[in-house]
Structures are given as C-alpha cells and as structure tokens.
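This report refers to the structure that appears directly beneath it.
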Protein chains: 2
Amino acid sequence: MSIRPDSRHLYLQVIDQLKRDMKEGKYKEREKLPSEYELSRMLGVSRATLREALRVLEEENIVFRKHGVGTFVNPKPIFSSGIEQLNSVTAMIEDSGKKAGTQYITSEVTKLSAEDKEQFADDELQSVFKIERVRTADNKPVVFCIDKLPENLLPQNSIKREESLFKALEKYANIHVSYALTRIEPVSYQQRIFNILNCDPSQPLLLLKQLHYTEKDEPVLYSSNYFRSDFFRFEVVRKRM
Amino acid sequence: MSIRPDSRHLYLQVIDQLKRDMKEGKYKEREKLPSEYELSRMLGVSRATLREALRVLEEENIVFRKHGVGTFVNPKPIFSSGIEQLNSVTAMIEDSGKKAGTQYITSEVTKLSAEDKEQFADDELQSVFKIERVRTADNKPVVFCIDKLPENLLPQNSIKREESLFKALEKYANIHVSYALTRIEPVSYQQRIFNILNCDPSQPLLLLKQLHYTEKDEPVLYSSNYFRSDFFRFEVVRKRM
DNA sequence: AATACGTCAGAGGTCAGACCTTTGAATTTA
DNA sequence: TAAATTCAAAGGTCTGACCTCTGACGTATT
C-alpha cells in the first residue's frame with residue numbers, strides 16, 4: 001500500500017540501473033553498450049522494455065544510438081551540470097567539492113504576499129513559514145535563500161536539524177520534491193542582499209525563483225535563491241524544434 | 001490517415017504529427033488522447049512505434065500517461081516558453097506579438113579571441129565574421145547581439161537580407177542549427193551596452209552565451225545575447241533525478 | 001440510505017519472436 | 001590497388017499476446 005519498494009515500473013528501474021552502472025564506470029564515456037538483445041538478457045527484461053529505457057536515456061542526452069551500429073555512452077559535458085537538473089543547493093555546493101554550510105537569518109510565520117498567493121494558488125492557505133538563510137561553501141557565503149512553505153508542513157525547528165530543506169521534507173513530512181518551475185532573473189543591485197553575500201555590485205547575482213512540486217503536482221515550496229555568479233554556473237542545452 | 005513517407009525514422013514522424021495535431025487543436029489541453037491501440041491504427045504504425053513516440057513526448061512534458069487510465073495532453077504553461085527550446089531572437093520577439101526589427105552596429109572580420117578559439121575548438125579557423133546588432137520589438141531595443149561565425153560561411157551581405165541569422169544560414173549555406181550549448185549569466189553594469197539598449201542599471205540584463213551546433217555537432221555560431229529582463233522571461237522545468 | 005465490496009472493461013506496461021533497414025568491414029572482383 | 005559485392009551485427013518496426021492498474025457500476029452489507 002503505502003511504501004512502494006520496487007513496484008515502480010520496470011523501465012524506470014532499468015533506467016536507474018543503467019545510470020548506476022555508468023556512474024560506477026561499468027560503461028564508460030564514448031564506449032559502446034552491449035547490443036539491445038544482450039543488454040535485455042543481462043538485465044532480465046524484454047528488449048521492448050529495455051528500449052523504453054534507452055529511449056529516455058537518449059532523450060536525456062545520456063546515450064547516443066546509431067542505427068546499424070550500436071548504442072554509445074555520451075561524454076557528459078553538460079548533462080551533469082545542466083540547469084534542468086534540480087538539486088538542492090546543498091547538493092550543488094557539495095558536488096563542487098566544497099563544504100556546505102548554513103547561516104540562519106530569520107525564520108518566522110508570515111502572511112502570504114500577493115506573489116505567494118499567486119504561486120501556491122491555494123485559497124485555504126493563510127500563512128507560510130518563511131526561512132531566510134545564507135548558504136556557504138567552505139564558509140564563504142555564496143547563495144542567499146528565501147524559502148516559503150505552508151505552515152505546519154514541517155515540525156518547528158525540524159529544519160535546523162537538516163542541512164537540506166529537501167531532506168527535511170522527506171524525513172519529517174514524507175514529501176518528495178519531484179520538480180520545480182523556475183524563473184531565471186538577473187538582479188540589480190540591492191544593498192541588503194549584496195551585504196549579506198559580502199560582494200560588490202561588480203559581481204552580479206542570478207536569481208532563481210522556484211516553485212517546487214511533489215510527484216502529485218502539489219506545490220510545496222517556493223524559493224528565491226540569489227546565486228553568486230562567480231561561484232555558480234548555469235548551463236542548458238537548448239534544442240531547436 | 002497515414003503518415004507521409006519520409007526518410008526519417010518513423011517514431012520521429014509520429015512525434016511531429018502528434019505535435020501538429022495538438023497545435024492545431026485536434027487534441028486539446030488536459031484532453032485524453034485515443035488509446036494507444038486506436039492511435040497506432042489511426043497513424044498507421046504499430047503500437048510499439050507509437051509508444052516510442054509517446055515516451056519522448058512524455059519526457060518532454062508534452063504528454064502525461066497514467067497506467068490503466070490513458071494518455072493526456074499536458075497544459076502547456078512552460079513547454080512553449082521554456083529556455084530549453086531554442087529559437088532565434090526574431091522568433092522570440094514575434095512570438096510575443098511584437099514586430100521584430102534590427103539595427104546593425106558593426107559587421108567585420110576579426111581575429112579570434114582566446115574565448116572564441118576555446119569555443120570553436122578549430123585550429124584551422126583563423127578569423128571570424130563578427131556582427132553586432134540591436135534587435136527591436138515594436139522599434140524598442142530589447143536585445144543586444146554579438147554573433148560570430150566562421151569567415152566565408154555566408155556570402156558577404158547576405159545576412160542583412162534576412163531578419164534572422166538562422167534563416168540566412170539555412171538559405172545561403174544550407175546549414176541548419178540544431179541545438180546550442182548555453183551559459184546563463186547575469187550582467188553587471190556596462191555603460192556601452194546599457195546605452196545601446198537605452199536602459200538604466202535598475203533594469204538588469206541577462207546574458208546568454210550560446211554556441212550553436214549543426215545536426216552533425218559542428219559548431220557554427222557563437223552568440224552573446226544581452227536580454228532586457230523587463231521584456232524577456234526565461235523559464236525552465238527542473239527535474240529531480 | 002449510505003457504505004463497502006466484487007466484478008469487469010479498458011488503458012497502459014511487458015513480453016516473445018519475427019522481419020526490415022542501416023552500417024561497416026571483410027571479401028571478392030576489375 | 002581500388003572499386004564493387006557480400007555479409008553479419010545492431011538498431012528499427014511489427015504483430016499479437018498476456019499482465020497489471022484504474023475507474024465505474026452493480027450488488028450486498030450495515
């Protein structure tokens with residue numbers, strides 16, 4: 001019923017397994033994967049199911065297929081740092097090899113602003129829990145975060161026990177953030193924020209306003225993150241349609 | 001109703017046909033598509049092939065499938081304006097209902113800068129054709145573009161006959177831009193650019209540095225586009241992995 | 001009546017096995 | 001030696017079957 005150990009669709013499990021194998025170096029960049037027939041046998045699924053998985057991996061630019069030749073692992077120039085991949089700020093910092101830290105500025109319950117109301121689109125919702133934090137990499141401030149989530153979603157103070165808000169949501173509310181709708185904005189000089197991040201106007205900031213959703217498309221977290229652009233890079237592959 | 005013969009793979013043609021049908025309102029938002037069996041018959045392909053197409057559409061967030069229920073057309077909040085979709089600046093302006101215009105500032109042949117060399121990664125390439133333009137929407141300057149492409153790729157002055165560089169490349173060099181690797185950067189105040197765009201420092205700009213590629217992964221165009229953020233919005237769906 | 005349960009049809013998910021098309025390389029031929 | 005031919009391997013497509021999930025509807029229970 002509740003917990004779903006491995007009742008997820010087969011092709012999704014195959015995707016995960018293949019990604020795991022690639023990460024562990026079983027299949028390396030530019031290398032040819034075994035043929036579809038072999039792979040399907042190795043994984044214990046039908047060729048049709050394997051192909052569903054490969055189709056997704058190809059869409060995600062992780063794999064490249066050539067008719068009559070084979071399936072190859074793409075070199076991963078962008079795929080791992082692309083903006084379309086959603087990570088917690090904690091994960092982004094740690095991925096760069098730095099130590100992630102957090103300084104809490106304020107955390108309080110407030111009424112929803114007009115913008116918040118528009119975002120959450122929930123007439124019931126009266127107030128949100130608002131958290132302002134500075135995230136640090138090796139103790140240097142690199143991101144200023146304003147997070148707002150429905151009141152009472154998380155037990156008071158549970159947040160401070162976890163480095164990542166994503167992890168806290170999973171641990172204390174059994175909520176898994178699945179995706180986020182993100183608006184990308186440049187930031188003009190705002191003294192308070194630049195002071196907090198200890199940078200001057202010549203180091204422009206990038207603002208990501210993100211509304212995070214669960215698997216069931218319920219909005220659970222609205223974040224405004226101000227990134228120091230000398231520390232973070234955002235890239236994306238844009239495809240012609 | 002069968003799909004026209006075409007050299008491209010069948011499932012790609014199916015994708016195009018379905019997108020066309022959705023655009024033309026044959027299948028509307030939130031609406032359920034015919035069942036896979038029916039659809040495959042309607043399109044004259046096997047269910048397996050249809051499923052390959054649907055898998056891609058699902059990956060692109062255009063369609064949503066639920067086991068035991070059906071396949072539904074996603075409402076398209078982002079899919080049409082998402083940053084992962086590459087359009088020419090001309091197309092972006094026209095999509096917003098404005099009239100696209102161009103003011104040429106300079107166009108000249110220059111040696112490659114260090115950055116250019118790194119981007120094109122072509123030892124043969126000695127010099128590039130550099131074009132600086134201001135793009136206007138209803139005669140208001142909204143984007144400042146610096147485009148660099150290998151010398152002699154286009155006939156001299158052919159560019160000025162086309163509004164869009166993409167179109168010129170197709171028309172005069174039979175080159176089709178397929179995708180671009182894009183770096184997103186905020187911009188600190190630079191007097192020249194702000195003067196050209198006739199805006200003040202409180203209207204921050206967004207800079208997209210884009211290396212455009214052909215289908216064969218050959219770099220053909222390196223662009224730096226400074227967008228007025230009060231006119232353009234960039235959004236992206238970020239997915240958790 | 002209101003609720004719970006059982007059944008069933010329809011939809012997507014998975015499977016097996018066959019044949020088609022493209023590629024690249026080995027082989028043959030001019 | 002170089003061009004043409006052949007061939008095997010790999011991905012692309014097809015058929016048709018069965019599995020599993022979901023929602024609806026009818027019946028039994030409370």
Side-chain angles (χ1 to χ4, degrees), chain A residues 1-18 21-22 27-28 30-74 215-217, chain B residues 1-18 21-22 27-28 30-74 215-217:
Chain A
M1 302 187 54
S2 48
I3 301 298
R4 27 168 196 176
D6 238 8
S7 58
R8 295 188 315 143
H9 286 151
L10 247 184
Y11 74 92
L12 292 174
Q13 299 178 43
V14 171
I15 291 172
D16 289 347
Q17 181 62 50
L18 288 175
D21 288 345
M22 283 187 264
Y27 307 121
K28 301 190 189 93
R30 295 253 172 237
E31 229 179 60
K32 189 158 97 62
L33 294 182
S35 75
E36 296 187 349
Y37 179 78
E38 282 180 64
L39 249 189
S40 66
R41 287 311 176 91
M42 288 164 62
L43 295 169
V45 300
S46 73
R47 195 176 152 219
T49 298
L50 173 70
R51 277 179 63 80
E52 295 222 22
L54 288 180
R55 170 74 53 231
V56 173
L57 292 178
E58 185 180 37
E59 266 307 291
E60 292 181 357
N61 267 302
I62 294 172
V63 124
F64 167 78
R65 307 158 98 184
K66 195 159 182 204
H67 192 177
V69 184
T71 304
F72 304 82
V73 180
N74 260 339
E215 295 100 331
K216 291 175 198 145
D217 303 323
Chain B
M1 195 233 319
S2 183
I3 291 198
R4 67 166 189 277
D6 191 314
S7 59
R8 298 184 316 142
H9 284 151
L10 247 185
Y11 76 92
L12 292 174
Q13 301 177 43
V14 172
I15 291 172
D16 288 347
Q17 180 63 50
L18 288 175
D21 289 344
M22 284 186 267
Y27 307 120
K28 302 190 187 92
R30 295 255 173 232
E31 230 179 61
K32 189 158 96 61
L33 294 182
S35 75
E36 296 187 347
Y37 179 78
E38 282 181 63
L39 250 188
S40 66
R41 288 309 178 90
M42 288 163 62
L43 294 170
V45 300
S46 74
R47 196 178 151 218
T49 298
L50 173 69
R51 278 177 64 78
E52 295 220 24
L54 289 180
R55 169 79 48 237
V56 173
L57 292 178
E58 184 181 36
E59 201 55 23
E60 291 180 358
N61 266 302
I62 294 173
V63 123
F64 166 79
R65 307 159 98 185
K66 195 162 183 203
H67 192 177
V69 184
T71 303
F72 303 83
V73 180
N74 262 338
E215 295 99 333
K216 290 175 196 144
D217 303 324

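All figures in this text were calculated on a predicted structure; none of them were measured in a lab. Atom set for the values below is all heavy atoms of this structure, side chains included, hydrogens, waters and symmetry mates excluded.
- Scanning all heavy atoms of the two residues, the minimum distance from B:Ala53 to B:Val14 falls at CB-CG1, 3.5 Å.
- Contact between the side-chain N/O atoms of A:Arg51 and the OP1/OP2 oxygens of C:dT14 is not found at any separation under 4.0 Å.
- By the side-chain hydrogen bond (donor to acceptor under 3.5 Å, both in side chains) test, B:Thr49 pairs with B:Ser46, sequence neighbours left out.
- Take B:Ser35 and apply the side-chain hydrogen bond (donor to acceptor under 3.5 Å, both in side chains) test, not counting sequence neighbours, and it matches no residue.
- Following rounding to the nearest Å, A:His9 (NE2) and C:dC15 (P) show an atom-to-atom distance of 12 Å.
- For B:Arg47, the salt bridge (charged side-chain N to carboxylate O under 4.0 Å, His left out) test picks out B:Glu36, with sequence neighbours left out.
- Contact annotation: B:Thr71 side-chain N/O to C:dA11 OP1/OP2 distance is not under 4.0 Å.
- Within the structure, ring-ring contact (aromatic ring centres under 6.0 Å, His included) pairs that include any residue of residues 33-53 of chain B do not occur (at least two apart or interchain).
- Listed in residue order, the members of residues 38-48 of chain A having a heavy atom less than 4.0 Å from DNA chain C are A:Val45, A:Ser46, A:Arg47, A:Ala48.
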Between the protein and nucleotides 6-8 of chain C, which nitrogen or oxygen pairs come in under 3.5 angstrom?
none

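- With rounding to whole Å, B:Leu12 atom CG is found 10 Å from D:dG12 atom P.
- Atoms CG and CD, from B:Leu50 and B:Glu52 in turn, are 10.0 Å apart once rounded to the nearest 0.5 Å.
- At the heavy-atom level, A:Tyr37 lies nowhere under 4.0 Å from the strands shown.
- Note: CZ (B:Arg65) to C1' (D:dC21) measures 14 Å, nearest angstrom.
- Smallest separation of non-hydrogen atoms from A:Val73 and A:Lys28: CB-O, 3.4 Å.
- Residues meeting the side-chain hydrogen bond (donor to acceptor under 3.5 Å, both in side chains) test with B:Tyr11, sequence neighbours left out: A:Arg55.
- Between A:Leu10 and B:Gly70, the residue anchored closer to the 5' end of DNA chain C is B:Gly70, taking for each the nucleotide with the nearest heavy atom.
- For the pair A:Arg55 CZ and D:dG12 P, the interatomic distance rounds to 6 Å; values are reported in whole Å.
- Counting only heavy atoms from C-beta on, B:Tyr11 has its side chain closest to D:dT13 among D:dA10, D:dT13, C:dG12.
- For A:Asp21, there are no salt bridge (charged side-chain N to carboxylate O under 4.0 Å, His left out) partners at least two apart in sequence or on another chain.
- Here A:Thr49 reaches the OP1 or OP2 of C:dC15: one of its side-chain N or O atoms lies under 4.0 Å away.
- We find that CG of A:Leu50 is positioned 13 Å from C1' of D:dA10, with the value rounded to whole Å.
- Remark: B:Val63 engages B:Leu33, B:Leu57, B:Glu58, B:Arg65, B:Thr71 in a side-chain contact (heavy atoms from CB on, under 4.5 Å) (not counting sequence neighbours).
- Atom pair B:Glu52:CD and D:dG11:P shows a separation of 12 Å (rounding to whole Å applied).
- Nucleotide D:dT15 holds its C1' atom 15 Å from the CD atom of B:Glu36, rounded to whole Å.
- Among residues at least two apart or in separate chains, there is no ring-ring contact (aromatic ring centres under 6.0 Å, His included) pair with a member in residues 42-62 of chain B.
- Annotation: ring-ring contact (aromatic ring centres under 6.0 Å, His included) contacts involving residues 44-69 of chain A, sequence neighbours excluded, comprise A:His67-B:His9.
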Distances for protein N/O vs nucleotides 23-25 of chain C N/O pairs under 3.5 angstrom?
none

